[in-house]
**Student:** 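The structure's right below; bear with me while I get my questions together.
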Amino acid sequence: YFALNREPPTWLAFPILLVCLGVLLWGRANAGFKVFLIVMLGFATAQIRTQWVTTPLLRAYSPGQDIVGTVVDVDVRSKQRFTIILETREAQRLPLAEIPRRITIGVTGKHIPPRVGDVVSMTADLAPLPRPAQPGAFDYGRQLYFQSIGATGRSKTGVQILPEPRSWRFMLRRSFH
């Protein structure tokens, strides 16, 4: 695996997963072969997870983006500061194929935080995911990537809540916020 020039195709993970599970559950194999199958099961599961969360990543700083999206999470840090995670619907000056699935945006000032499920509009300065501060340091950008977040940003205008009906996907989640 580590000698490959690129990742193996995702479709290959499903047969590997099924064969490994089948042999482990119903087959008779020695202990060494079972350890090998468990390792292969881990690789297949990791490949599937990576493809599940993959999102386009913002490549460069992009100031003044007009963004429309659905609020997935809100983290109120103080009366004048909160962070939202948006499931992106539109980003005006980005090509459709390059719009990240989710964006985390910091908002400062006297604004009322939106609730989970609200559809919001704002203008924000977007930046690529942060890199580790030094080799071996915590990789915050990697953590965000595995949450399907492809960009970070700061709001310039505050948050405008649009009068759109809320998606049923967020109604249950909203009851916990």
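Sequential numbering from 1 along the given sequence is applied to the chain's residues.
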**Student:** Minimum heavy-atom separation for L126 and Y61, please, with both atom names.
**Tutor:** O-CD1, 3.3 Å
**Student:** Q160: what forms a side-chain hydrogen bond (donor to acceptor under 3.5 Å, both in side chains) with it, not counting sequence neighbours?
**Tutor:** none
**Student:** Would you please name every residue forming a side-chain hydrogen bond (donor to acceptor under 3.5 Å, both in side chains) with T123, sequence neighbours left out?
**Tutor:** D66
**Student:** For the CD1 atom of I67 and the CZ atom of R89, what is their distance to the nearest 0.5 Å?
**Tutor:** 14.0 Å
**Student:** Going by side-chain hydrogen bond (donor to acceptor under 3.5 Å, both in side chains), name the residues that satisfy it together with S62, two or more places apart in sequence or in a different chain.
**Tutor:** Q65
**Student:** List the residues meeting side-chain contact (heavy atoms from CB on, under 4.5 Å) with T108, not counting sequence neighbours, and say none if there are none.
**Tutor:** R81
**Student:** Test question: given the 4.5 Å side-chain rule for I, L, V, M, F, W and Y, name all other residues clustered with L162, or answer none.
**Tutor:** V68, V119
**Student:** Run the salt bridge (Lys or Arg N to Asp or Glu O under 4.0 Å) test against R77 and tell me which residues pass, sequence neighbours left out.
**Tutor:** D75
**Student:** For the residue pair T45 and L41, what are the closest heavy atoms and their distance?
**Tutor:** OG1-O, 2.8 Å
**Student:** Pairs of donor and acceptor atoms involving the side chains of residues 127-143, under 3.5 Å and at least two apart or interchain, shall be tabulated with distances.
**Tutor:**
{"unit_1": "D139", "atom_1": "OD1", "unit_2": "G141", "atom_2": "N", "d": "3.4"}
{"unit_1": "D139", "atom_1": "OD1", "unit_2": "R142", "atom_2": "N", "d": "3.2"}

**Student:** May I ask you to test the V71-L86 pair for a side-chain heavy-atom distance under 4.5 Å?
**Tutor:** yes
**Student:** Residues in side-chain contact (heavy atoms from CB on, under 4.5 Å) with P113, at least two apart?
**Tutor:** V74, V76, F82
**Student:** Do you know which two heavy atoms are closest between S155 and V107, and how far apart they sit?
**Tutor:** CB-CG2, 3.8 Å
**Student:** Assigning hydrophobic clusters by single linkage (Ile, Leu, Val, Met, Phe, Trp, Tyr; side-chain heavy-atom cutoff under 4.5 Å), is F36 placed with V19?
**Tutor:** yes
**Student:** Should M40 and W11 be counted in the same cluster of Ile, Leu, Val, Met, Phe, Trp and Tyr side chains packed under 4.5 Å apart?
**Tutor:** yes
**Student:** Using every non-hydrogen atom in the two residues, find where R102 and Q147 come nearest and quote the distance to one decimal.
**Tutor:** NH1-O, 3.5 Å
**Student:** Please round to the nearest 0.5 Å and tell me the distance separating atom CG of D118 and atom CD1 of I161.
**Tutor:** 4.5 Å
**Student:** Can you confirm whether I84 sits close enough to T104 that some side-chain heavy atom of one is under 4.5 Å from a side-chain heavy atom of the other?
**Tutor:** no
**Student:** Give the minimum heavy-atom separation between V159 and P114, together with the two atoms involved.
**Tutor:** CG1-CG, 4.1 Å
**Student:** Quick one: closest heavy-atom pair of K156 and D125, and the distance?
**Tutor:** CD-OD1, 3.0 Å
**Student:** Under 3.5 Å, which donor-acceptor pairs link side chains of residues 48-60 to any protein atom two or more places apart or in another chain?
**Tutor:**
{"unit_1": "R49", "atom_1": "NH2", "unit_2": "F146", "atom_2": "O", "d": "3.3"}
{"unit_1": "T50", "atom_1": "OG1", "unit_2": "A46", "atom_2": "O", "d": "2.8"}
{"unit_1": "T54", "atom_1": "OG1", "unit_2": "Y145", "atom_2": "OH", "d": "3.0"}
{"unit_1": "T55", "atom_1": "OG1", "unit_2": "R101", "atom_2": "N", "d": "2.7"}

